[in-house]
Undergrad: 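Could you have a look at this structure, given as structure tokens, before my questions?
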Protein chains: 2
Amino acid sequence: MMTPSPTVFIVDDDSAVLKSLARLLRSARLNVMAFGSPQEFLERHDPRAPGCLVLDLAMPGLNGLELQAALTVKGSAIPIIFLTGHGNIPASVQAMKRGALDFLTKPVNDDDLLKAVQVAIEKDRIARIARAELEDIQARLDSLTPREREVLTHVVSGQLNKQTAADLGTVEKTIKVHRARVMEKMKVHSVAELVHLAERAGIRAA
Amino acid sequence: MMTPSPTVFIVDDDSAVLKSLARLLRSARLNVMAFGSPQEFLERHDPRAPGCLVLDLAMPGLNGLELQAALTVKGSAIPIIFLTGHGNIPASVQAMKRGALDFLTKPVNDDDLLKAVQVAIEKDRIARIARAELEDIQARLDSLTPREREVLTHVVSGQLNKQTAADLGTVEKTIKVHRARVMEKMKVHSVAELVHLAERAGIRAA
DNA sequence: TCCCTTATTGGCCCAAGGTCCAATACCCAC
DNA sequence: GTGGGTATTGGACCTTGGGCCAATAAGGGA
């Protein structure tokens, strides 16, 4: 399974700026997709596509911060670089607080933008790897039956089988069976590995 | 052991501003310590003191960003709220990137500042709890002998005693002894708990 | 109604971990 | 050189965990 090469998405309502930015980024051998309105981007963007977003702050309809919020709600974690001609400090602080990667002012220095884009793409790459791992773990967790999940939480909190049995109102033998199935479905061969996975998936003690 | 109540540290070279800020914060029943220069704060500040820092950006000598960097180097993790009269977007973005909690502009709205301070103090409180826990774990790790640390890494990566023995060029019996000592010194009663601690302390598999 | 999943339990046996006991060897510091 | 910390090993014994085979029972869906 080949990861598609990253794309820089640009959203700006000024078509001259859009073209100029696209040219600059393409000249740096980057894939570019340009959007003239935030709505258009919001509708057509595939969250699975790797890359980053270069976003104008002041636009008709949705402004940049609103698009950022909409993307967050939608579950997209694409790194955002803001670009603005008439920004102010509160807006930049807001954007950064909400997780923007950078906030640049127009006219933007070419090198500054390219560097920010490089950082964003790399950050996205790393985040995607982590996310894929998490989804993998989550898929395994989802394959567990409710009872198996209960047993899992007891195991990762270090309980003995007999204690778990008492807590769940059954006998040790039953717990052993569930436990074996948990290990199998989670694809691990030791309690240590199981705890590692549970930790990453945010599963807390029983 | 009682945690001292949090203090708001203020650093500003304008004594009128300093007094006005101190009055505002004290009226909100907060402990306040005011400093007229960044150097003075840097020298006299105790990183163990809970609270947050309200920092002017433009000051003679060290400016706010430099003081922020100096504190980072010094290992202080105190939350910083910047306050500036003539700030610009790049400075605010820099500050936020380096971990500032907020970046407000003068004249500051009283409520905005108080809210930011509340958030900062709470964040500091949470961070301190986490840090204390980490230090506690680290202290236990430090009490391990080199050999015990080796055994620990094998245990948390899920190795069997016999495998560990083979890796370390000794026999299973010896590993059992080391392992028992590790459990004792780390104050845990199960492998699961041990993995939890190791994970938090950043110990990776063997 | 029959099949599948889920949850349950039993017996048997072996492997692995944990806990006592005790003992040897090395190195460093007082 | 004597004492303490560290690393090592042995034996005996008990507890836990895990694998294998078999079986029952409830609930849902084809």
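Per chain, numbering begins at 1; letters A, B, ... match sequence-line order. Everything quoted here is computed from the prediction, not taken from an experiment.
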Undergrad: Leu144(A) has an atom CG; how far is it from atom P of dT6(C), in whole Å?
TA: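 It works out to 10 Å between those atoms.
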Undergrad: What is the separation between atom CD on Glu184(A) and atom P on dG18(D), rounded to the nearest whole Å?
TA: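 About 13 Å, once rounded to whole Å.
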Undergrad: Would you tell me if any nitrogen or oxygen in the side chain of Thr145(B) comes within less than 4.0 Å of OP1 or OP2 on dG5(D)?
TA: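 No, no such contact exists.
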Undergrad: For the residue pair Phe9(A) and Phe35(A), does the interplanar ring angle fall in the parallel (under 30°), tilted (30 to 60°) or perpendicular (over 60°) class?
TA: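 Phe9(A) vs Phe35(A) ring planes: tilted.
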Undergrad: Between P on dC26(C) and CZ on Arg147(B), what's the gap in Å once rounded to a whole number?
TA: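 Taking CZ of Arg147(B) and P of dC26(C), I get 16 Å after rounding.
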Undergrad: Can you list the steps and then say if His154(A) with Gln163(A) is a side-chain hydrogen bond (donor to acceptor under 3.5 Å, both in side chains)?
TA: CA-CA 9 Å; His154(A) 282 78; Gln163(A) 294 176 305; over 6 Å; no
Undergrad: Tell me the interatomic distance from His178(A), atom NE2, to dG18(D), atom P, rounded to whole angstroms.
TA: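 Going from NE2 in His178(A) over to P in dG18(D) covers 14 Å.
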Undergrad: Report the distance from atom CD1 of Ile175(B) to atom P of dG10(D), rounded to the nearest whole Å.
TA: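 About 13 Å, once rounded to whole Å.
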Undergrad: Verify the neighbour count for atom NZ of Lys74(B): are there more than 12 heavy atoms of other residues, nucleotides or ligands below 6.0 Å?
TA: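 Yes, NZ of Lys74(B) has more than 12 neighbouring heavy atoms, counting only those of other groups under 6.0 Å.
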Undergrad: With a 4.5 Å limit on heavy-atom distance, are the side chains of Phe41(A) and Leu55(A) in contact?
TA: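 Side-chain contact under 4.5 Å: no.
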Undergrad: Check this for me, if you would: do Arg44(B) and Glu40(B) make a salt bridge, where the nitrogen-to-carboxylate-oxygen distance has to be below 4.0 angstrom?
TA: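 Salt bridge between Arg44(B) and Glu40(B), a charged N being under 4.0 Å from a carboxylate O: yes.
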Undergrad: Can you tell me if Thr84(A) and Thr105(A) form a side-chain donor-acceptor pair at under 3.5 Å?
TA: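 Thr84(A) vs Thr105(A): no donor-acceptor pair found between side chains.
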Undergrad: Rounded to whole angstroms, how far apart are CG on Asp142(A) and P on dT6(C)?
TA: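 My rounded result for the distance is 13 Å.
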Undergrad: What is the per-nucleotide protein-contact pattern of nucleotides 10-23 of chain C, from the 5' end, where B denotes a base atom under 4.0 Å from a protein heavy atom, S denotes such proximity for sugar-phosphate atoms only, and - denotes neither?
TA: BB----SBBBB---
